[in-house]
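All remarks here apply to the structure that follows.
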Amino acid sequence: MKDFLLVFRNDYKARPKASPEEMQAEMKQWMDWIGGIAAQNKLVDKGAPLGSEGRVVRANNVVTDGPYTEIKELIGGYIAVRAGSFDEAAELAKGCPILNYGGNVEVRDIIPM
């Protein structure tokens with residue numbers, strides 16, 4: 001078994017603003033999906049949503065604002081899962097609620113150091 005990072009990306013500018021009721025229903029979908037992965041003992045890190053502001057640190061101690069709003073897809077959050085292969089990790093990702101809203105899930109293997 002290996003650990004994989006599921007990175008959630010979405011075009012937040014193109015998505016209409018959700019009502020409080022819609023946001024609550026979406027949150028339940030996320031909790032149910034992550035809970036299902038946890039029930040299979042495949043959840044390594046429950047991750048978290050990421051804020052829309054940040055900083056980028058570059059060589060020579062240059063710090064700039066980021067993420068950049070002109071980028072179409074922003075990273076919105078992540079979880080780490082344990083799976084036997086990329087295909088199995090991708091199968092887990094297929095249930096991600098972000099797919100219902102035009103987003104995508106990037107599946108990356110985590111290399112132990």
Side-chain angles (χ1 to χ4, degrees):
M1 298 291 268
K2 290 182 64 168
D3 292 349
F4 294 86
L5 187 67
L6 306 185
V7 179
F8 313 126
R9 297 180 184 270
N10 205 350
D11 181 354
Y12 291 100
K13 287 185 175 181
R15 187 166 177 215
K17 188 164 174 82
S19 71
E21 294 81 16
E22 291 169 327
M23 290 172 58
Q24 188 173 21
E26 282 182 38
M27 185 57 66
K28 182 175 180 343
Q29 290 175 350
W30 281 93
M31 290 171 35
D32 290 348
W33 175 64
I34 293 172
I37 293 171
Q40 299 174 56
N41 291 321
K42 294 183 178 181
L43 186 65
V44 175
D45 180 351
K46 66 180 174 137
L50 301 175
S52 60
E53 293 184 36
R55 303 291 179 271
V56 177
V57 180
R58 301 185 188 283
N60 299 320
N61 296 319
V62 175
V63 180
T64 59
D65 289 341
Y68 305 105
T69 57
E70 63 271 9
I71 296 173
K72 183 171 174 61
E73 294 180 340
L74 294 176
I75 296 173
Y78 68 94
I79 64 171
V81 299
R82 185 157 292 140
S85 66
F86 266 109
D87 290 338
E88 183 181 346
E91 247 344 275
L92 293 171
K94 286 181 181 179
C96 182
I98 205 162
L99 301 173
N100 299 327
Y101 308 104
N104 63 66
V105 181
E106 180 180 340
V107 180
R108 303 283 301 270
D109 57 338
I110 299 173
I111 308 298
M113 304 224 7

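For the single chain, residues carry numbers from 1 onward in sequence order.
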Exercise: identify the closest heavy-atom pair between [X] and [Y]:
| X | Y | result |
| --- | --- | --- |
| Ala18 | Met23 | CB-CG, 3.6 Å |
| Arg9 | Ile98 | O-CD1, 3.5 Å |
| Met1 | Gly84 | SD-N, 3.6 Å |
| Ala89 | Leu6 | O-CD2, 4.2 Å |
| Lys46 | Ile79 | O-CG2, 3.1 Å |
| Thr64 | Arg58 | OG1-NE, 4.3 Å |

Exceeds 12 heavy-atom contacts within 6.0 angstrom, atom CE of Met31: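 Not buried by this count: 12 neighbours or fewer within 6.0 Å.
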Apply side-chain contact (heavy atoms from CB on, under 4.5 Å) to Phe8 and Leu50, showing your working. CA-CA 10 Å; Phe8 313 126; Leu50 301 175; over 6 Å; no
Out of curiosity, [X] [atom1] to [Y] [atom2], how far, rounded to the nearest 0.5 Å?
| X | Y | atom1 | atom2 | value |
| --- | --- | --- | --- | --- |
| Ile110 | Phe4 | CD1 | CZ | 9.0 Å |
| Tyr101 | Glu22 | OH | CD | 8.5 Å |
| Arg82 | Ile37 | CZ | CD1 | 13.0 Å |
| Phe86 | Arg108 | CZ | CZ | 8.0 Å |

Evaluate the side-chain proximity of Cys96 to Trp30: yes if any heavy-atom separation is below 4.5 Å, no if none is.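 SC-SC contact between Trp30 and Cys96 confirmed.
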Co-membership, hydrophobic cluster, residues Val44 and Leu5, 4.5 Å side-chain: no
Give the cluster check for Leu99 versus Val107: same hydrophobic cluster or not, with ILVMFWY residues linked at side-chain heavy-atom distances below 4.5 Å.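 Same hydrophobic cluster.
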Do side-chain atoms of Trp33 reach the backbone of Ala93 as a donor and acceptor pair under 3.5 angstrom? no
